[in-house]
There are 2 protein chains.
Amino acid sequence: MSSGFWLAHCLLTTPRARKGFNLLSMLGAHKDVAMDGTRDRNIFGAFALMIGDDIVRASSSRAPEAGPAASALALLAHKPGLSIRMLAVGVGLSHAGAVRLVDRLATEGLIERREHSTDGRTRSLYLTRAGKIASDKVLASRDQVIAEGLSILKPRELKILCDIAERVLRSRLESLEQSYRICRLCCYEGCTNCPIDAELLERGVDRENDDDG
Amino acid sequence: MSSGFWLAHCLLTTPRARKGFNLLSMLGAHKDVAMDGTRDRNIFGAFALMIGDDIVRASSSRAPEAGPAASALALLAHKPGLSIRMLAVGVGLSHAGAVRLVDRLATEGLIERREHSTDGRTRSLYLTRAGKIASDKVLASRDQVIAEGLSILKPRELKILCDIAERVLRSRLESLEQSYRICRLCCYEGCTNCPIDAELLERGVDRENDDDG
DNA sequence: TTATAGTATATGCGCCACGCATACACTTAT
DNA sequence: ATAAGTGTATGCGTGGCGCATATACTATAA
C-alpha cells in the first residue's frame, strides 16, 4: 500500500475525516492536526472549566453554606445596598430563592435588610461586620486559587492573558444584569480600573452610582 | 499643598494604600496601578468564571435535565464503559447521586448498564444511539459557546491562549479522578493529542486503556 | 384625586435531587 | 475458608429551589 493511498484511506475512513478535516489542514498543521481550532477550543474550555470550578469550590467552601451564598456575600461587599432583585440576578437564583437565601444569611447575622432611601418597596441589603469578615475569606480564597492556578506563568504571560481576558470580557458583555453575574465573585478593592465598569460607562450605564442596586 | 504632600497623603489615607500598594508600584505601573497582579487575577477570574458559566449553561441546556446530566453524557461519549464510581467522581456527585442520575438517564433511554467484562460488581455504562445524539448536541453547544466567546481573538492570540491553557492544565493536574472532572465536557474527537492524556502518560497513568473506567 | 397597571418583596406549597447510612453482591488477601 | 475491601443499589430524611400567589408600594393616566 503506497503512502499516498494510505493517506487517502485515512482521510476517508477515520472519524476525523468525516468531521470536516481536510487534506490541506492536515498537511499545513504542526502540533494541531486540524487547523480549524477545535483542539484549541477544547483545551481552552477545559482550562476555563477547571479554573471556574476551582473558583466556585474554593469560595463557597469558605462561605457559611454551599451554593450561591459565597457569591451573595462577595456581591454585597462589592455593592452595598443591593436590592434583592439584583442579588437574585447576580447569583443566578429566582426571586423567591434569593429571598430565602437572604433569610438564611440574615438569620446567621451576616447581612441585614434596611429600608431603601426612596422606594418603600425595595430592601437595601448590607453586610454586617461578621458578613464582611466572611466575604473577605471568600474573596481571599478565590484570589489564592487563581494565583495558584496561574503560578507557572511568567509575568509577561500573565499580562497577555489578562489583556485577552479584558478584551473578551468587554466584547461579551451584554447587559447590566449579566455584569453582576460576571463580577459576582470579584474583589472590589482589587479591581482598579474595572473593565466591566469602563465598558458599561462607554455604553451609558453607570453601575457604580446605580442606587436601585 | 505640594504635589508631593498630596501623593503621600493619598498613599496613607486611601483604601488602596492600606492594602499593600506602595509608592514604587504606583510610579512604575501604567494601566495596572498595583503591580502585584491583583487586578490581573481579578479580571482573569471573572473571565474564567464567565466562560465556565457559559459552558455549563449552554451544555446543560441541551441535556435532558439540568445539572450534571450533560457532563455524564459527554463523559460517556469520551469514555464508553465507564463505571458508576468514576462517573460520580467525574460529574462531582456522591455515589448514590450518580446511581440515581444513571437511573434517570437509563429510563429516558439515553444510556444503558451492561455487565463488566471481568468484575462482577462493576457496571459498564454505554450511551445508546439516542444518548449519542444528545451528547453530540451537548458538545456542539459547548464548542459553539467557546467559539463565540473567543471570536474577537486573532488566530495568533488563540494559539497563545491555548498554549497557556495547555501548560496550566498539565501543571495543575493532580489525579486521574480530577482529570475526569476537568475533561467532563470535552469532545473526544476534537481533542487530538490531549494534553491531559499526555501528562498522565508521562506520570505512568494510562487513562485510555483503563478498563476499570 | 382616583383608578389602573407595574414593580419589589414575602410566603404557601410541592417537588426533586442530593447525601447519609445501610444492605447486598462480588473480589481479593490472609 | 474467613475476613476485609470494593462496587452497586436503596430506604430515608433533608433542604434548596421554583411556581403561583398575596401584600405593599410606586407610577401612570383619566
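Here is the naming used below: chain letters follow the sequence lines, and residue numbers restart at 1 for every chain.
For the pair B/K132/B/T128, no side-chain contact is recorded, criterion being any heavy-atom separation below 4.5 Å from C-beta on. Contact check for A/L127 versus A/P80: no side-chain heavy atoms found under the 4.5 Å cut-off. The closest side-chain heavy-atom distance from A/L87 to A/L125 is below 4.5 Å. In this structure, the side chains of B/E157 and A/I160 stay at 4.5 Å or more apart for every pair of heavy atoms.
Neither side chain, A/R123 nor A/H116, offers a donor N or O lying under 3.5 Å from an acceptor on the other.
For the side-chain contact (heavy atoms from CB on, under 4.5 Å) criterion with A/L76, the lone passing option out of A/L105, A/L82, A/L110 is A/L82. For the side-chain hydrogen bond (donor to acceptor under 3.5 Å, both in side chains) criterion with A/D53, the lone passing option out of B/R184, B/R181, B/Q178 is B/R184.
The CG-C1' distance, from B/L87 to C/dC18, rounds to 15 Å in whole Å. When the C1' atom of D/dG15 is taken as reference, atom CZ of A/R104 falls 8 Å away, rounded to whole Å. When rounded to the nearest whole Å, the span between CZ of B/R114 and C1' of D/dT8 equals 18 Å. Atom CE of B/M86 is separated from atom C1' of D/dG7 by 13 Å (rounded to the nearest Å). In this structure, the CG atom of B/L105 is 16 Å from the P atom of C/dC16, given to the nearest Å.
In terms of heavy atoms, B/C191 sits closest to B/P195 at SG-CD, 4.5 Å.
In summary, the aromatic rings of B/F47 and A/F47 are positioned with their centroids too far apart to meet the 6.0 Å limit.
Proximity of A/R85 to the phosphate of C/dG6: no side-chain N or O atom is located under 4.0 Å from OP1 or OP2.
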Taking only Watson-Crick and G-U wobble pairs with both distances under 3.5 Å, what dot-bracket line describes DNA chain C, where [ ] shows pairs that cross earlier ones and | shows pairs with another strand?
||||||||||||||||||||||||||||||
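Under the 6.0 Å distance and 45° angle rule, B/R207 counts as a cation-pi partner of B/Y180.
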Are any protein N/O atoms closer than 3.5 Å to N/O atoms in nucleotides 10-14 of chain C? If there are, list each pair with its distance.
residue, atom, partner, partner atom, Å
C/dA10, OP1, A/R113, NH1, 3.1
C/dA10, OP2, A/R113, NH1, 2.7
C/dG12, N7, A/R100, NH2, 3.3

Could you go over nucleotides 23-30 of chain C and give all protein N or O partners under 3.5 Å, atom names and distances?
residue, atom, partner, partner atom, Å
C/dT27, OP1, B/G120, N, 3.4

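Nucleic acid contact class of B/L93 (heavy atoms, under 4.0 Å, all strands): sugar-phosphate only.
In this structure, A/R142 contributes its side chain and B/N42 its backbone to a donor-acceptor pair below 3.5 Å.
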